[in-house]
Amino acid sequence: MAAPRRLILLRHGETQANVTGVWQGHLDVPLTERGIAQAAAAAPVVAAYGPVRVVASDLQRTAVTGRALADVCGLPLDLDARWREFDVGQWTGLSSAEVIALHPQERQRALRGEEQRRGIDGEGPSEVADRVRPALAELIGALPDSQCAVIISHGGTIKIIAALLLGLDTLTTSRLLTVPGNCEWADLVEGTTGWRIAGWNLRALSPNPSAH
């Protein structure tokens, strides 16, 4: 039998906002020196899966992480805004402590995986799912049998992608799956009855801080 198709969901490298616990969302911030090193270390390990496509969010933290991988693979990097993180609205640029002080109930609902817009006027899980779903369908629809593709995205969006592939609601996903750390990845494999998780929070480096 032919090998199954595979999707690798790779989170971007570390940013200063990750270190300080600041909400980024669509804020376009660079990788730290450590983040660049994380991307360089993850690239040959992820390249060993033999991807034929590498796609990424168009924000620079994902684009730089994706470029490190694409260069190792000898592949073009396809940037697409649909792979972006949640738009976190009024929480953009705020620390977690500031978010809790301003909107404690909304933050708790978001933590539980409820249909709560981040930052009050940002995106909730359903909006991100609606944005990601067509991009995911296009990627899988063009992926040949037995081949692998890599999506370089963001912590919250990676959980949404996994939920769509696994057929899980966001509440269940929130209970079951942690947010991947910087330059950690998930390995999802297609079976006869659907997609399954072959690995989660896989990494080339030691664990590192995870922020929003």
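Just the heavy atoms: all of them, side chains too, but no hydrogens, waters or symmetry mates, feed the values below. Bear in mind the structure is a predicted one, so any value in this text is a computation, not a measurement.
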Under the 3.5 angstrom rule, does the side chain of Thr62 hit a backbone N or O of Ile152 as a donor-acceptor pair? no
Under 3.5 Å side-chain donor-acceptor pair for Asn201 and Thr178: yes
Under the side chain to side chain contact (heavy atoms under 4.5 Å, CB included) rule, what do Leu136 and Ile151 come out as? Steps first, then yes or no, please. CA-CA 9 Å; Leu136 189 60; Ile151 303 169; 4.1 Å; yes
State the OG-CZ distance between Ser153 and Arg84, to the nearest 0.5 angstrom. 11.0 Å
Between Arg82 and Glu138, does a side chain to side chain contact (heavy atoms under 4.5 Å, CB included) hold up when you go through it step by step? CA-CA 12 Å; Arg82 292 177 294 179; Glu138 290 166 18; 2.8 Å; yes
Just by modelled atom types, is the Gly124 backbone N or O under 3.5 Å from a matching donor or acceptor in the Glu127 side chain? yes
Rounded to the nearest 0.5 Å, how far does CD of Glu98 lie from CZ of Arg107? 13.5 Å
Any side-chain donor near an acceptor of the partner, Trp83 and His154, under 3.5 Å: no
So, Glu85 and Ser57: side-chain donor and acceptor under 3.5 Å apart, yes or no? no
Of all heavy-atom pairs between Ala43 and Ala68, which one has the smallest distance, and what is that distance? CB-O, 3.6 Å
For Arg118 and Glu106, run salt bridge (charged side-chain N to carboxylate O under 4.0 Å, His left out): C-alpha distance rounded to whole Å, both residues' side-chain angles, the deciding distance at 0.1 Å, then the answer. CA-CA 8 Å; Arg118 277 36 169 184; Glu106 290 82 2; over 6 Å; no
Approximate separation, where rounding is to 0.5 Å, of Cys148 SG and Leu7 CG: 7.0 Å
Look at the side-chain heavy atoms of Ile, Leu, Val, Met, Phe, Trp and Tyr, link any pair under 4.5 Å apart, and say whether Leu168 and Val132 land in one connected group. yes
What about Trp195 and Leu202, same hydrophobic cluster or not, with Ile/Leu/Val/Met/Phe/Trp/Tyr joined at side-chain heavy-atom distances under 4.5 Å? no
Inspect the contact between Glu184 and Arg11 and indicate whether a charged nitrogen and a carboxylate oxygen are less than 4.0 angstrom apart. no
Would you check if the side chain of Thr173 reaches a backbone N or O of Asp169 as a donor-acceptor pair within less than 3.5 Å? yes
Value rounded to 0.5 Å, distance of CG in Leu9 from CD1 in Ile197: 9.0 Å
Under 4.5 Å between side-chain heavy atoms, counting indirect links through other Ile/Leu/Val/Met/Phe/Trp/Tyr residues: same cluster for Val46 and Leu79 or not? yes
Shortest non-hydrogen contact between Val179 and Gly155, atoms and distance: CG1-CA, 3.6 Å
Looking at Arg117 and Asp121, does any basic side-chain N land under 4.0 Å from a carboxylate oxygen? no
Compare every heavy atom of Ala81 with every heavy atom of Asp58, then report the nearest pair and how far apart it is. OD1-CA, 3.5 Å
Linking I/L/V/M/F/W/Y whenever their side-chain heavy atoms sit closer than 4.5 Å, directly or via other members, would Ile140 and Leu164 fall into one cluster? yes
For a quick test of reading the model, state the closest non-hydrogen atom pair linking Leu59 to Gly25 and the distance between them. CD1-O, 3.7 Å
Between CG on residue Leu69 and CG on residue Leu75, distance to nearest 0.5 Å: 8.0 Å
Testing the basics here: between Tyr49 and Trp185, what is the closest heavy-atom pair and its distance to 0.1 Å? OH-NE1, 3.1 Å
Mind checking whether Leu165 and Trp200 sit in one hydrophobic cluster, side chains of I, L, V, M, F, W, Y counted as touching below 4.5 Å? yes
Verdict with reasoning, Asp80 to Val55, per side chain to side chain contact (heavy atoms under 4.5 Å, CB included): CA-CA 7 Å; Asp80 190 329; Val55 302; 6.0 Å; no
From CA spacing to verdict: side chain to side chain contact (heavy atoms under 4.5 Å, CB included), His26, Thr92: CA-CA 8 Å; His26 290 187; Thr92 303; over 6 Å; no
In terms of heavy-atom contacts, Arg6 and Asp187 come closest through NE-OD1, 2.6 Å
Distance (rounded to the nearest 0.5 Å) between Glu190 CD and Arg5 CZ: 4.0 Å
Does Arg131 pair with Glu123 as a salt bridge, N-O distance under 4.0 Å? yes
